[in-house]
Amino acid sequence: MAFFRFRSGDGSSFALLFCLAILYGLMSALVFSVIHMKFIKPLDVDAPADLFSEARALEHLRVLTEEIDGRQEGRQGLRLAADYIKGQLELLKGRANSNFRIEVEESTVNGSFNMMFLGHSISLQYRAHANVLMRISSVDSFDNDTSVLINAHFDSPLGSPGAGDCGSCVASLLELARLVVDSGWVPPQPLIFLFNGAEENFMLGSHGFMTTHKWHHTVGAFINVEASGTGGPDLVCQSGPGSWPSLVYTKSAIYPMANSAAQDLFSIIPGDTDYRIFAQDYGKIPGLDIIFLLGGYFYHTSYDTMERILPGSIQARGDNLFSLVKAFATSPVLRDAQNPQSLASVSVESNDGHAVFFDYLSWFMVFYPRRVAVVLHSLPVVFLLFLLLLHLANTGLHAFCLTFYDLLKGMFFHIFAIILAIIVPIVFAVVGLVFSSHGMSWFAHPYLAFMMFIPCSLVGLLIPRFVWRSFPLSQSISVRRMSKEELADEAIFWGAFGYYALLTMAYLLAGLNGGFLQFLVSASLLFARIICKMINCYNDQSLGSVACYVLPLLPCLTYSVQFGGVLVQFVIEKMGMIGSIPPPYGYYMQDVIVAAMIGVVTGWCVGPLVPIVGRWLARSSIMQLLLHLSVLALALSSQFFPYSIEAPKRVALQHTILTADSNQIVDSTYDFTVVDSNALPFLFKHAPEAGKLLQISSDVPFRTTKEGWLALFPISSLFSRTLMVPARTDDILKHYESFPHLSTYKPQQFSDSGTRKVFLEFNLGSLKEVWVAVLNITGPLSSWSFADNVVPAPERMDGGPPSYICRLSGASDETWTFWLEANSSQPLRVDVAVLDQHLLEGTKRLKGSFPDWVDVITGTSFMSSYLF
């Protein structure tokens, strides 16, 4: 049986489809080479001293990730990392010439504050965290000179060597500091290198600098260097306040990698960086948040090793940073500032908010301030209105109404096509999962996602043109003196143009910074239309007319492929850690998100071509081919396993020990959870050794409670179901002399207003590698000694009563003392969870029983409850 029935004209349609496939393939290959740093040549260790060398930076990274074991809070490696960084800075100070004034110091920070993270309100109390600082200035500089801050954190997340996050950042800054000193360039304004030792526990190191250090008030601009992976584009994800920082970047970046749309997207991504502390919560300092974007498979896993760093990424970052530091330090805006904090209001010429900017394939930057964007992004709508009014003046009201009606129908056609381009892949994803034993088959093989969802998304784009082969015109052919086909093409083109024009205006009115992409499409469509009209080929029913239309759109389409390709790759890599929801919907979540995202990107990249290629491609034979390709890709993808060493599955394993007093064990369990759509039954089906070791039976209950994960709050909000397996308790007391416990250290105080204060002492027992301790307080709490006596907004744990969460971090060899104030005689309940990174032998064996495609984030949690 034949799959296709060819009709007259199908040959030309298939030829066009083939040509477009080659065209988009070439654009994709170009974008791939750009985002994977193929155009960057890393310099060796013997590179000239006045150049940044990736190889020299990698030597620092080797020490931090291979010679030093574990840079997590509570582990000795964090102290060794601080000593190494300080030692390297002292060496630079010792060999600097007499034109430099260099100060190196280590600062111990303590503090407390409230914040919102992942939509949850928490309080943070910390002590004895180490920051290492270096100030480079000219010999005749003053202590209060306005300075440029360059920040990176040297602590790493639980269970991770932290090569990308953020050993690569620290290594880059050490090489940058060497370059400043060895090149002989004396900065006209001081440079402060801040190596902060507590970012992973919610930006504590940067908070400590901004609230306690003597240099913080001199900072007039900053660059925060971060990593969400192991390389790729070192993207400016956040910029501000004002547009001055992005303007400096535009003028100085050697390999520009930035777009203002990233700032719109960053706010919806779960996570945060030190940028928030410097530019928003505590400083209002103008600055840049520059982040390694790709390699997210290894982010916060044990596979985040030096070997995963994408070659060329650190070189591009270093070259950019040196140029940026020079630009900031020599900027007259910084030099002339009397008050560094006033720089928050500086933009190009005045305070005009966030600018619009984007790089084009890292070749060059486009930048224009907000006030220009207001005018520029309004032009497509203004131009469309002008054409309509001109038509009204020339034809009269009745003809105008008919034309406007056709324009609305053309716009509806395009909107409907874009929506179907998103819906059809989602339908295919859901149907495919019904017949598959697992989800996320594309996770370790991203090309499968494109194969599965692009063809069916194209079908969605073409459905309106296929269903309504004859456009329902309202205009009279005789009045317009044009053929029916020409009038239909006019309505479809201007409908598409109107859609992009209105979308550009919508971005502008919403105050978003990503409208430049829609403006670029609108302007390119108009340019292509003008070119076609000039050579009189728009309505020519030949492939030549298609070529005349497509060629002027190539720059716009290439950028759309760049923007969309980076976005889809980033989203796919993050699907392994965005969290899970309970079945049955949780099984579909990641696949639906990726399918929808590819549908959106397909609409971006192909949508502008639909007004002219639609009449060629909206044929049953083409639609059948695309549908067959999607079905074939779905069938093929089901044979692929979703995970590998290069794309591991994240699993959280916690040995939970429920205690009473300082040496009594109430219960002990192994708790498991996952953060993607392939749930725990999938895990143990494919990890039989672990299941055998745990003696898991089919009737082991899954719990939806998150109370057992209190030590990871608010990260625990990403978990949906937990498997709890009983664990032996006989070897626990052999390794711990005492457990964390809470007690009163003096009698309660009662006030005339009816409140009472409870004075508590929290002892962490004999635990030696404490990551964090978390207090969950319920009851009539009215004040406490944390965060300047300000209680955060209440949370509800698993639908329970309002509770107040406080995280304690640092110096586990000392007790914590604090007070709680209650406004009634009802008892205060305090639930305590302490996460220790030390693992008992049983936990180590269990962790080691999982296959290498599983990354097991492991800890020991001690939990206890008290009433006061």
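- In this structure, a donor-acceptor pair under 3.5 Å is absent between the side chains of Ser107 and Asn131.
- Side-chain contact, His129 with Thr108: no donor N or O sits under 3.5 Å from an acceptor N or O.
- In this structure, the side chain of Asn110 engages the main chain of Ala128 through a donor-acceptor pair within 3.5 Å.
- Taking 4.5 Å as the limit, some side-chain heavy atom of Met134 sits within range of a side-chain heavy atom of Ile102.
- Here the side chains of Ile150 and Leu173 are in contact, with some heavy-atom distance below 4.5 Å.
- Side-chain atoms of Pro286 and Phe222, non-hydrogen and from C-beta on, never get closer than 4.5 Å to each other.
- Without hydrogens or angle criteria, Thr230 side chain to Arg308 main chain gives a donor-acceptor distance under 3.5 Å.
- For residues 142-160, every residue pair satisfying the salt bridge (charged side-chain N to carboxylate O under 4.0 Å, His left out) rule, not counting sequence neighbours, is listed here: Arg101-Asp143.
- Interatomic distance, CG of Leu51 versus CD of Glu54, reported as 13.5 Å (0.5 Å rounding).
- Arg276 meets the salt bridge (Lys or Arg N to Asp or Glu O under 4.0 Å) test with Asp272, Asp281; sequence neighbours excluded.
- Panel note: side chain Ser260, backbone Asn513; a donor-acceptor pair is recorded below 3.5 Å.
- At least one side-chain heavy atom of Leu288 sits less than 4.5 Å from a side-chain heavy atom of Phe328.
- A donor-acceptor pair under 3.5 Å is absent between the side-chain atoms of Ser809 and the main chain of Val772, judged by distance alone.
- The two atoms that bring Phe570 and Leu293 nearest to each other are CD1-O, 3.4 Å, heavy atoms only.
- Closest heavy-atom contact between Ser160 and Gln72: O-NE2, 2.8 Å.
- Legend: residues meeting side chain to side chain donor-acceptor pair (under 3.5 Å) with Trp442, ordered by chain and number and at least two apart, are Asp591.
- Aromatic pair Phe298/Tyr303: ring centres not closer than 6.0 Å.
- Cation-pi geometry between Lys574 and Tyr299 is satisfied (NZ or CZ under 6.0 Å from the ring centre, within 45° of the ring normal).
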Which pairs would a plain distance check flag for residues 82-92, meaning a side-chain donor or acceptor within less than 3.5 Å of a matching protein atom at least two apart in sequence or in another chain?
from: Asp83; atom 1: OD1; to: Arg79; atom 2: NE; distance (Å): 3.2
from: Asp83; atom 1: OD1; to: Arg79; atom 2: NH2; distance (Å): 2.8
from: Tyr84; atom 1: OH; to: His60; atom 2: ND1; distance (Å): 2.7

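- The distance between the ring centers of Tyr249 and Phe367 does not fall below 6.0 angstrom.
- Among residues at least two apart or in separate chains, ring-ring contact (aromatic ring centres under 6.0 Å, His included) pairs with a member in residues 188-210 are Phe113-His207, Phe117-Phe202, Tyr126-His207, His207-Tyr282, Phe209-His213.
- Using a 4.5 Å heavy-atom threshold, the side chains of Ile645 and Tyr297 count as separate.
- Atoms OG and CD1, from Ser168 and Ile314 in turn, are 5.5 Å apart once rounded to the nearest 0.5 Å.
- Put simply, the side chain of Ile192 does not reach to within 4.5 Å of the side chain of Val148, judged on heavy atoms.
- Applying the salt bridge (charged side-chain N to carboxylate O under 4.0 Å, His left out) test to residues at least two apart or on different chains, the pairs with a partner in residues 180-208 are Arg95-Asp182, Arg178-Asp182.
- Each of Phe640, Phe450, Phe641 was evaluated against His445; a single residue qualifies, Phe640, per the ring-ring contact (aromatic ring centres under 6.0 Å, His included) test.
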Just list the side-chain donor-acceptor pairs under 3.5 Å for residues 28-38, sequence neighbours left out, or say none.
from: Ser28; atom 1: OG; to: Tyr24; atom 2: O; distance (Å): 2.7
from: Ser33; atom 1: OG; to: Leu30; atom 2: O; distance (Å): 2.6
from: His36; atom 1: ND1; to: Phe32; atom 2: O; distance (Å): 3.0

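- Taking the six-membered ring where tryptophan is involved, the planes of Trp853 and Tyr643 are essentially parallel, since the angle between them stays under 30° and well short of 60°.
- Looking at residues two or more places apart in sequence or on another chain, you find no salt bridge (Lys or Arg N to Asp or Glu O under 4.0 Å) involving Lys251.
- Across all their heavy atoms, Pro42 and Pro311 have their closest contact at CG-C, 4.4 Å.
- Side-chain contact, Ser644 with Glu646: no donor N or O sits under 3.5 Å from an acceptor N or O.
- Counting heavy atoms from C-beta on, the side chains of His300 and Asp855 never come closer than 4.5 Å.
- Closest non-hydrogen pair, Gln238 versus Gln263, comes out as CA-OE1, 2.9 Å.
- Phe850 contributes atom CZ, which lies 8.5 Å from atom OG1 of Thr858 (distance to the nearest 0.5 angstrom).
- Considering only residues two or more places apart in sequence or on other chains, Asp304 meets the salt bridge (Lys or Arg N to Asp or Glu O under 4.0 Å) condition with none of them.
- With no hydrogens or angles considered, a side-chain donor-acceptor pair links Asp165 and His153 at under 3.5 Å.
- Contact record, Asn320 with Ala253: OD1-C, 3.7 Å, taken as the closest heavy-atom pair.
- One N or O on the side chain of Asn259 and one on the backbone of Ala262 form a donor-acceptor pair closer than 3.5 Å.
- Residue Tyr360 holds its OH atom at 8.0 Å from CD of Gln562, rounded to the nearest 0.5 Å.
- Between the side chains of Ser206 and Asp274, a donor-acceptor pair is found at a separation under 3.5 Å.
- For the salt bridge (charged side-chain N to carboxylate O under 4.0 Å, His left out) condition, the pairs that include at least one residue of residues 61-70, sequence neighbours left out, are Glu59-Arg62, Arg62-Glu67, Asp69-Arg75.
- Between the side chain of Arg71 and the backbone N or O of Leu64, at least one donor-acceptor pair lies under 3.5 Å.
- Glu175 and Ala57 get closest at one heavy-atom pair: CB-CB, 4.1 Å.
- Put simply, the side chain of Thr146 does not reach to within 4.5 Å of the side chain of Thr218, judged on heavy atoms.
- Identified under the disulfide bond (SG atoms under 2.5 Å apart) test for residues 136-232, with sequence neighbours left out: Cys166-Cys169.
- Applying the salt bridge (charged side-chain N to carboxylate O under 4.0 Å, His left out) test to residues at least two apart or on different chains, the pairs with a partner in residues 213-228 are Glu105-Lys214.
- Using modelled atom types, no side-chain atom of Asp289 and backbone atom of Cys237 make a donor-acceptor pair closer than 3.5 Å.
- Checking side-chain atoms of Asn97 against main-chain N and O of Asn99 turns up a donor-acceptor pair under 3.5 Å.
- Ring pair Tyr559/Phe358: centre-to-centre distance below 6.0 Å.
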